[in-house]
Amino acid sequence: MTAGLQLGVIGSLALSVASSVAIVICNKALISTLGFPFATTLTSWHLMVTYCTLHVAQRLHFFEPKAIDGHTVILFGFLNGTSIGLLNLSLGFNSIGFYQMTKLAIIPFTVLLETIFLNKRFSETIKLSLMVLLLGVGIASVTDLELNLLGSVLSGLAIATTCVGQIKLTNTIQKKLKVSSTQLLYQSAPYQAAILFATGPFVDRLLTNRSVFAHKYTTPVVGFIILSCLIAVSVNFSTFLVIGTTSPVTYQVLGHLKTCLVLSFGYTLLHDPFTMKNILGILVAIFGMALYSFFSVRESKKKSTNDALPVSQMPDKETEPLLATKDGSDIKKANGVSHGC
């Protein structure tokens with residue numbers, strides 16, 4: 001990995017963490033303090049503002065748009081928009097503990113799908129570090145596991161659409177079609193926004209028994225909505241940037257780092273309840289992230305060394321242990337660890 005590329009990856013990871021934590025704090029104030037609970041509709045506004053911002057940037061020649069097959073873009077927008085809606089419905093029809101388990105399940109399902117459909121191979125050390133990470137986040141965030149049929153079905157659909165959207169479309173489109181994160185977000189944001197704009201009021205009405213159209217929009221509420229939309233531009237851009245420069249698994253690992261940071265900020269700034277169980281879970285999760293980073297970098301260096309050897313000096317493929325991924329994409333570009341609303 002070149003120094004410039006490494007700095008770019010670190011920058012995208014840092015931007016993703018900072019913007020996601022900021023939007024969670026902003027939305028918590030909007031939803032909890034100001035009484036605006038319409039998360040799905042708010043997300044549609046986020047995407048519309050993101051598209052408008054990118055359109056202005058494109059007109060000012062900050063980036064060049066790139067045409068992508070219409071069917072691919074529509075499918076991508078549909079999957080991502082549906083994923084966000086299903087995650088919100090999952091939270092509405094499940095306990096918070098089961099919702100957190102749903103988010104945790106995305107990593108193993110992502111690994112499974114990449115192994116089956118993309119022929120990627122993950123080493124035992126990478127799998128171990130992911131297990132430690134998931135254990136820590138589970139200890140820190142899962143409180144109860146009340147099950148119901150409808151909630152379980154919604155959670156399963158949310159996991160499926162999230163995994164497919166991140167693996168097959170975001171990661172594959174950007175790398176195979178050589179489309180930048182900005183170009184892909186610019187092309188797909190209108191479709192995602194349209195899906196959520198059409199379904200958001202109904203989903204929010206189902207979850208809150210209140211209408212977004214009948215809500216009283218005071219000056220503070222409007223101010224925080226605008227602030228949330230502006231931060232969301234950075235969140236959406238950094239999400240595409242991270243998945244494009246690293247991998248879906250690394251993005252999910254990063255997402256759990258955000259969970260730990262949000263828990264910590266909630267205790268420090270908002271005085272949310274915090275127990276030794278939360279502290280233990282966060283420490284275990286951070287240890288798992290450190291293991292993931294260490295093994296990823298180490299195996300990336302081994303892969304680079306093997307690539308530099310003459311053919312006659314290459315190790316025997318039948319006896320040499322597999323690296324983290326078959327094509328090295330997971331570990332060559334990542335040295336670190338949801339759309340937060």
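Quantities reported herein were computed from a predicted structural model and do not represent experimental measurements. The residues of the chain are indexed from 1 along the displayed sequence.
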Could you work out, with side-chain contact (heavy atoms from CB on, under 4.5 Å) as the rule, every residue matching [X], not counting sequence neighbours?
| X | answer |
| --- | --- |
| Leu60 | Val56, Phe62 |
| Leu291 | Ser129, Val132, Phe287, Phe295 |
| Glu124 | Lys127 |
| Ile159 | Thr102, Ala105, Ile106, Phe109, Cys163 |

>> Would Thr115 and Asn119 count as a side chain to side chain contact (heavy atoms under 4.5 Å, CB included) here? Give the steps.
In response: CA-CA 5 Å; Thr115 301; Asn119 295 320; over 6 Å; no
Please report the interatomic distance [atom1]([X]) to [atom2]([Y]), rounded to the nearest 0.5 Å.
| X | Y | atom1 | atom2 | value |
| --- | --- | --- | --- | --- |
| Arg210 | His215 | CZ | NE2 | 6.0 Å |
| Thr53 | Tyr186 | OG1 | OH | 11.5 Å |
| Asp69 | Gln187 | CG | CD | 10.5 Å |
| Ile231 | Ser19 | CD1 | OG | 8.5 Å |
| Leu79 | Ser188 | CG | OG | 11.5 Å |
| Thr43 | Gln192 | OG1 | CD | 10.5 Å |

>> Looking at Gly151, is its backbone amide N or carbonyl O close enough to the side chain of Ser155 to form a donor-acceptor pair, meaning the two atoms are under 3.5 Å apart?
In response: yes
>> Test: ring-ring contact (aromatic ring centres under 6.0 Å, His included). Region: residues 192-214. Which pairs qualify, not counting sequence neighbours?
In response: none
>> Evaluate Tyr51 against Leu185 for side chain to side chain contact (heavy atoms under 4.5 Å, CB included), listing each step before the verdict.
In response: CA-CA 8 Å; Tyr51 172 74; Leu185 182 57; over 6 Å; no
>> List the residues meeting side chain to side chain donor-acceptor pair (under 3.5 Å) with Ser83, not counting sequence neighbours, and say none if there are none.
In response: Thr162
>> Among residues at least two apart in sequence or on other chains, which ones pass side chain to side chain donor-acceptor pair (under 3.5 Å) with Thr82?
In response: none
> With clusters built from Ile, Leu, Val, Met, Phe, Trp and Tyr whose side-chain heavy atoms come within less than 4.5 Å, directly or transitively, what are the remaining members of the cluster of Ile195, listed by chain and number?
Replying inline: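 The other cluster members (ILVMFWY side chains, heavy atoms under 4.5 Å, direct or chained) are Phe78.
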> Hey, what else clusters with Val233 if you join Ile, Leu, Val, Met, Phe, Trp, Tyr whenever side-chain heavy atoms sit under 4.5 Å?
Replying inline: Val49
> If two hydrophobic side chains count as joined below 4.5 Å and joins carry through other members, does Met131 share a cluster with Val284?
Replying inline: no
> Does Leu154 reach the side chain of Leu150, with side-chain heavy atoms less than 4.5 Å apart?
Replying inline: yes
>> If you define the side chain from C-beta out and look only at heavy atoms, does anything of Pro108 sit under 4.5 Å from Leu130?
In response: no
Could you list the donor-acceptor pairs under 3.5 angstrom formed between side-chain atoms of residues 33-41 and any protein atom two or more places apart in sequence or on another chain?
from, atom 1, to, atom 2, distance (Å)
Thr40, OG1, Asn88, ND2, 2.9
Thr40, OG1, Asp204, OD1, 3.3
Thr41, OG1, Asp204, OD2, 2.7

> How far apart are the closest heavy atoms of Asn27 and Ser228, and which atoms are they?
Replying inline: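 So the minimum-distance heavy-atom pair works out to OD1-OG, 2.7 Å.
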>> Applying ring pair (Phe, Tyr, Trp, His ring centres under 6.0 Å) to Phe76 and Tyr191, what does each step give before you reach the verdict?
In response: CA-CA 8 Å; Phe76 175 81; Tyr191 298 100; 9.8 Å; no
>> side chain to side chain contact (heavy atoms under 4.5 Å, CB included), that's the test. Do His46 and Leu42 meet it? Break it down for me.
In response: CA-CA 6 Å; His46 288 170; Leu42 180 63; 3.5 Å; yes
>> What verdict does the side chain to side chain contact (heavy atoms under 4.5 Å, CB included) test give for Leu89 and Leu206, after you've listed the backbone C-alpha separation in whole Å, the side-chain angles of each residue and the deciding distance to 0.1 Å?
In response: CA-CA 9 Å; Leu89 282 172; Leu206 190 63; 4.1 Å; yes
